[in-house]
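Chain A is the first sequence line, chain B the second, and so forth, proteins listed ahead of strands; every chain is numbered from 1.
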Protein chains: 2
Amino acid sequence: MNNSSKQTQTASGQFVPTDHTRVRRYPARAKYDRATVEAILDDAMVCHVGFVHDGHPFVIPTMYVRDGERILIHGSPLSRMLTEAAGGVALCVTVTLLDGVVLARAAFHHSMNYRSVAIVGRAHEVLEPAAKLAAMRALVERLIPGRWDEVRQPTPGEIAGTRVLEIPLVEASAKVRTGGPVDLAEDESFPVWAGVAPLALMPGAPIPDPGLAPGIELPDYVRRWRQAKNPAR
Amino acid sequence: MNNSSKQTQTASGQFVPTDHTRVRRYPARAKYDRATVEAILDDAMVCHVGFVHDGHPFVIPTMYVRDGERILIHGSPLSRMLTEAAGGVALCVTVTLLDGVVLARAAFHHSMNYRSVAIVGRAHEVLEPAAKLAAMRALVERLIPGRWDEVRQPTPGEIAGTRVLEIPLVEASAKVRTGGPVDLAEDESFPVWAGVAPLALMPGAPIPDPGLAPGIELPDYVRRWRQAKNPAR
């Protein structure tokens, strides 16, 4: 949706496609520029981390944040996924945003609009407490900007009890489908509605915790976040 | 959200957790009953298919439909993912729905509400043309119910040009987080708003194809689909 809204190009504004990141099907949908990859990563909130254990694939969803030229994930030191990833195994981290259902005139040409990114690489564990705290801040701020400064800050024990991993944004590619249906010329006159039914992840009305003390109002940053994600409301 | 809305239990209403599907982290969030797994699969529209090639993990997003005790995926015979999967390699297919941001009083206890399913197994290719056509129908009907009967039906060439795979729903588990923040007792009085900011994938206003012939109105089934996904509108 806002693929072109971010024009911050780094020195190397293009990812170099590799055997692991080159888009083979529909190569016209492939994007290797950093701006597109970063915009998708900054719009989505969940990634799927793929790794191999005993020859078997595992795909685990988790939240993440992009921080410059890396993404950060975190969780319990007991998480198997984080333990495997911290051990340096090869990862494929995929992020997908579903933008709409594409209704063509022909059944065969039905499709979906989407934006996805695949990152291939190995994770490194962030061990230094100040760097871990900065990562925890980035992850909370990713959820709702403005949140971090208001909440009870992590204790040393909580920092120690959080495993933080970084995955470099070096080998990555995006795949994007936008726009309406593409039907055969001979189907253009087929008498059925055709077009796109857009989809977007939208916030509903915030639900206060039942234990909330009286007089604590919904913060403005939550209202702004909701508004930004759903301008029509 | 509607985890309990579907009570259709099959003869074997529970999946048996295996080394590949047992939820290790937060076992209280694990669900092994078929009704929960099926409800999540029926609510989401994209799965992430993980497989191993030359020792490396790959995670590819694709649409799917649950059809009884299997899921169906499809695409071009040239798709590398489908080619690998058709060859019978081990797969992990993960589906994730993001339901909300959980704002706790402590930074450490921020979380997300989600529903996810992991299916482990191997795919079989559906080769018989009538069975492939039925799968194509199920996939289009999954996008928007009511669509199939209105559109130009697949030709034998289009059926031949579609690879359809089925993955049995035998080894699967769900992981679900719902509800509000869980803070430490000593943080309950921390003076910050706490609660859940819900998220849901919602349809926007349909966008007609620019080439649409005059007089073709938006079908009722698109309106109903939009309404069902977004009752507030």
With chain A, the option among B/Asp187, B/Val46, B/Val140 that has the most non-hydrogen atom pairs under 4.5 Å is B/Asp187
So for atom CD, which belongs to A/Glu217, do other residues, nucleotides or ligands contribute more than 12 heavy atoms lying within a distance under 6.0 Å? no
NE2 (B/His74) and CZ (A/Phe108) are apart, to the nearest 0.5 Å, by 8.0 Å
When the 4.5 angstrom heavy-atom criterion is applied to A/Met81 and chain B, the contacting part is neither
CD of A/Gln153 to CZ of B/Phe190, rounded to nearest 0.5 Å, is 7.5 Å
Note: A/Pro57 and B/Ala90 closest approach over all heavy atoms is CG-O, 3.3 Å
Looking only at B/Gly179, B/Pro208, B/Ala197, most heavy-atom pairs under 4.5 Å shared with chain A are made by B/Pro208
- Task: Could you go through the side-chain contact (heavy atoms from CB on, under 4.5 Å) check for A/Arg105 and B/Leu212 one step at a time?
- Result: CA-CA 10 Å; A/Arg105 294 157 183 92; B/Leu212 202 61; 4.1 Å; yes
Assert top hit (heavy-atom pairs under 4.5 Å, partner chain B, pool A/Gly211, A/Gly215, A/Ala107, A/Gly50) equals A/Ala107
The interface call for A/Ile159 against chain B, heavy-atom contacts under 4.5 Å, is neither
Bottom line for A/Thr96: the part with an atom under 4.5 Å from chain B's heavy atoms is both
To the nearest 0.5 Å, atom OG of B/Ser116 lies from atom CD1 of A/Ile60 at 8.0 Å
Check the pair A/Ile144 / B/His110 against side-chain contact (heavy atoms from CB on, under 4.5 Å), numbers first and verdict last.
CA-CA 11 Å; A/Ile144 295 193; B/His110 279 63; over 6 Å; no
Okay, B/Leu139 and chain A: the region with an atom under 4.5 Å from a heavy atom over there is neither
Rounding to 0.5 Å, atoms CE (A/Met202) and CE (B/Met202) come to a distance of 8.0 Å
Honestly, the part of B/Ser111 sitting under 4.5 Å from a heavy atom of chain A is backbone
Highest number of heavy-atom pairs under 4.5 Å with chain A among B/Leu218, B/Val95, B/Leu91 belongs to B/Leu218
(request) With side-chain contact (heavy atoms from CB on, under 4.5 Å) as the test, would you mind laying out the steps for A/Val151 and B/His109 before giving the verdict? (result) CA-CA 10 Å; A/Val151 295; B/His109 289 289; over 6 Å; no
Interface check, chain B: of A/Val102, A/Asp54, A/Val120, A/Val196, most non-hydrogen pairs under 4.5 Å belong to A/Val196
If one checks every heavy atom of A/Arg147 against chain B at 4.5 Å, the contacting part turns out to be side chain
One option among B/Val52, B/Val59, B/Ile216 has the most heavy-atom pairs under 4.5 Å with chain A, and it is B/Val59
Enclosure of B/Tyr26 OH (heavy-atom neighbours >12, cutoff 6.0 Å): no
Bottom line for A/Asp19: the part with an atom under 4.5 Å from chain B's heavy atoms is backbone
Next on the checklist: Quick one, A/Arg152 with B/Asp183, criterion side-chain contact (heavy atoms from CB on, under 4.5 Å). Give me CA distance, side-chain angles, the key distance, then yes/no.
Outcome noted: CA-CA 10 Å; A/Arg152 201 265 289 154; B/Asp183 273 302; over 6 Å; no
Bottom line for A/Leu184: the part with an atom under 4.5 Å from chain B's heavy atoms is side chain
Interface check, chain A: of B/Gly100, B/Pro181, B/Ala118, most non-hydrogen pairs under 4.5 Å belong to B/Pro181
Bottom line for A/Ser189: the part with an atom under 4.5 Å from chain B's heavy atoms is neither
Shortest non-hydrogen pair, A/Thr94 vs B/Pro61, comes out as CG2-CD, 3.9 Å
How are the rings of B/Phe58 and A/His20 set to each other: parallel, tilted or perpendicular (split at 30° and 60°)?
perpendicular
- [ ] Flag the pair B/Leu143 / A/Met112 as yes when at least one side-chain heavy-atom distance between them is below 4.5 Å, and no otherwise.
- [x] yes
CZ (B/Arg24) and OG1 (A/Thr83) are apart, to the nearest 0.5 Å, by 10.5 Å
Scored by heavy-atom pairs under 4.5 Å with chain A, the best of B/Ala104, B/Gly180, B/Ala194 is B/Ala194
Of the listed A/Ser76, A/Pro210, A/Pro206, A/Cys92, the one with the largest count of heavy-atom pairs under 4.5 Å with chain B is A/Cys92
Chain B shares the most heavy-atom pairs under 4.5 Å, among A/Leu98, A/Val222, A/Thr155, with A/Leu98
Value for OG1 (B/Thr62) from OH (A/Tyr114), rounded to nearest 0.5 Å, stands at 9.0 Å
Cut-off 4.5 Å, heavy atoms of chain A, and the answer for B/Ala213 is neither
From the list A/Leu78, A/Val101, A/Thr162, A/Leu103, the residue making the most non-hydrogen contacts under 4.5 Å with chain B is A/Leu103
